[in-house]
Amino acid sequence: MKPISWLAAVPAVAAAGVAAHDLLQKKHSLLRNYPVIGHARYAIETIGPEMRQYVVASNDEERPFSRAQRSWIYASAKGENNYVGFGTDNNIEEEEGYPIIKQRTFSIMPPPADPHHGDHVRLPSAKILGEPRGRTKAFRPNSVVNVSAMSFGSLSSRAIISLNEGVKLAGAMHNTGEGGLSPYHRRGGELIWQIGTGYFGCRDEHGAFDLGRLKDTVAGAPVRALEIKISQGAKPGLGGVLPGAKVTAEIAQIRGVPEGKDCVSPSRHTTFNDVDSLLDWVELLATETGLPVGIKSAVGELSFWEQLADAMTDGQRGVDFITIDGGEGGTGAAPLVFTDGVALPFYIGFSRVYRVFALRDLTERVTFIGSGKLGLPRSAITAFALGVDMVNVAREAMLAIGCIQTQKCHTDKCPTGVATQNKWLSHGLDPALKSVRLANYLQSMRRDLVKVSEAVGVLHPSLITPDDVELLLGQRLATPLRDVYRYQPNWGVLGEPWRSQIIDIMCTEAPKDIEHAATD
C-alpha cells in the first residue's frame, strides 16, 4: 500500500511545484494571479487554430482557405467524390464581388457524349512560351495549371519530392522557388528555375550571380524556363526570409549560406537596377541558355510596368512571360504587415498590368501567369477571363500533399511534415502517396476548367472572355468583368495565331462531333 500512496502523491507534489514556480516568476501576470490553472489559457491558445478549424468555424468562414475549399482540394487529391449537395452555402445574396460564370444556352459545340470526357483531356497553354522572342528552346506548356514557387528549405525534402513526382505524373511543371535547384527537384518533373535576389544555386562565393554555375546546372536538369523573381505577394519589396531553424547543413550547402542562421534574400537585385539593365540581363540569360525567361512580381506602383512595356515595344528585347502574384499569396515566413497590407490583390494588380501591355498591343507577345489563391476552379476561371494564360498553385498544392492549414510554416513545427526541416515531422510524409494526390488534384482542376469552358461554349479556358463572368453586388447588381476593370472591347480576348492553334489542339482531344462543329 505504501508505494501506491507515494504514486498518488506525485500529482499533488507536481502541482505544488508548478504553483510555486508560477507565484515566483514575473514574466506572466496571469500565472502569478492564477497559478496552475492559468496554464489552461495558454494551452487553449496553442490549439486555438485547430479548435476554430474543426469545431467553431463554419464551412465558408475560415481564411485563407475555408473548410469547404479545403474539403474540395482534399477530396480531389484523394480521388474521392468532390461534388456537393443541397446547394451552395456561400453568401451570394449579400457578398460583394462574388464572381458568377455565365453559361451559354446555345453553342456551336454539342456536348460530348461521354460524361467523363473532361477527366483525362489534356489542357495545354494556348501560347507557346518563348516563341514571340524566337527563343531556341521555346515550348508549349502541357498544362495550364502548374505548381508555384516554393523552395526546398521552406518546404521539406519529402514535400519537394512529392511535388516534383506529382507534376511528372500530371504532365505539369514545378517552379523551384528562389532557394536553388536541389536534388529533390530532380525526380523527373519539368522545372521552372526561379532566380531570386540571393541567386541561390547560381552564385559565387561572394554571393554575386555566377552565369557559369547557372549554365552548368541547367545542362544537368530538366529546366524549361527561367523566372527572375522581382517580388512576391507574401512579402513584396522585402526579399525572402528562411528562419535559421530551417537552415540545415544540406540547405546551407545548396544555397551557399551559413548553417543555422537566418537566410535573408536582399530586397533588390544587384545584377540590374532599372528596366534597361533588367532587359539586358533577360536577353543574356536567354542567349546563353536558349530558355524562355520571364519575371515574377507582385503589383504596387505602375511606373515599373509602364517602363517595361515601353522598352518592349520595338521588339528588340523583352520578357517571355510575366507571373503576377497577388498580395493575398504566401506560404512561408513574412511580417504581418506585409501579408496583410502590402501589394495589390491579384485581380486588381493583374488587370492593371494587363492594361499597360494591352494599350501597347503587347499582350499576344507575352504569356501571362497568375498566382495567389487561384487553385480553385472559380477563381482560376475569373483569372482566365481577365487574360491570364496559365495559373500557378502553391498553398493548394501543399494542401493536396497533406497540409492542414495550421499556419505554423514559419516555426519549423509543421505537424504534417510539409513546411519543416524537422526530420521526425517530415518522416510521416510519404512521397509515393502524396505525389499521386497532387497529380489527382491538378487533374481535377483541369477537368473542372474544361467543364466550365464547355458550359460557357468554348473549348479552352483561355477562350473565356471578360464578358463571360460578372461580379455580384449582393442581389442588387451584377457587372461584367470588362466593365469592372475597364477593359476595352478586344482586351482579355485571345488573339491569333494562338486562338486557332489552341482550337485545333483541343479538337484533337474532343469527340468528332465537337471537332466538326468547332470548325464550321
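Ring planes of Y487 and Y354: parallel class, angle under 30° (limits at 30 and 60°).
Atom CD1 in I503 sits 8.5 Å away from atom CG in L494 (nearest 0.5 Å). With rounding to the nearest 0.5 angstrom, the CD1 atom of I101 is 6.0 Å from the OG1 atom of T382. Taking OG1 from T416 and CG from L399, the interatomic distance works out to 9.0 Å, rounded to the nearest 0.5 Å. Within the model, atoms CD of E178 and OG of S154 stand 9.5 Å from one another, a figure rounded to the nearest 0.5 Å. Taking CG from L459 and CZ from R499, the interatomic distance works out to 9.5 Å, rounded to the nearest 0.5 Å.
Geometric assessment of R355 against the ring of Y485 yields a negative cation-pi assignment under the 6.0 Å and 45° thresholds. In this structure, R378 satisfies the cation-pi test against Y98, with its NZ or CZ atom closer than 6.0 Å to the six-membered ring centre and inside 45 degrees of the ring normal.
Around the CD atom of E96, the shell of radius 6.0 Å holds no more than 12 heavy atoms that belong to other residues, nucleotides or ligands. Enclosure of atom CZ in R352 is not indicated, since only 12 or fewer non-hydrogen atoms of other residues, nucleotides or ligands lie within 6.0 angstrom.
Counting only heavy atoms from C-beta outward, the side chains of V391 and V144 never approach each other to under 4.5 Å. By the 4.5 Å heavy-atom criterion applied to side chains, K127 and V366 are not counted as neighbours. Contact check for K373 versus S379: no side-chain heavy atoms found under the 4.5 Å cut-off.
In summary, of the residues considered (R446, E190, Q443), a side-chain hydrogen bond (donor to acceptor under 3.5 Å, both in side chains) with S143 occurs for R446 alone.
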Check your understanding: K296 and E227: salt bridge (Lys or Arg N to Asp or Glu O under 4.0 Å), yes or no, with the steps?
Key -> CA-CA 7 Å; K296 173 181 179 177; E227 180 180 80; 5.1 Å; no
Check your understanding: Going through the distances and angles, do N146 and N175 end up as a side-chain contact (heavy atoms from CB on, under 4.5 Å)?
Key -> CA-CA 8 Å; N146 300 287; N175 192 305; over 6 Å; no
Exercise for review: Begin from the C-alpha positions of K102 and D468 and carry the test salt bridge (Lys or Arg N to Asp or Glu O under 4.0 Å) through to its verdict.
Suggested key: CA-CA 5 Å; K102 300 188 295 185; D468 295 318; over 6 Å; no
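The two residues G372 and D325 come nearest to each other via the heavy atoms N-OD1, 3.8 Å.
Taking the six-membered ring where the residue is Trp, the centroids of F350 and F368 are separated by under 6.0 Å.
For E131, the salt bridge (Lys or Arg N to Asp or Glu O under 4.0 Å) criterion is met by no residue, not counting sequence neighbours.
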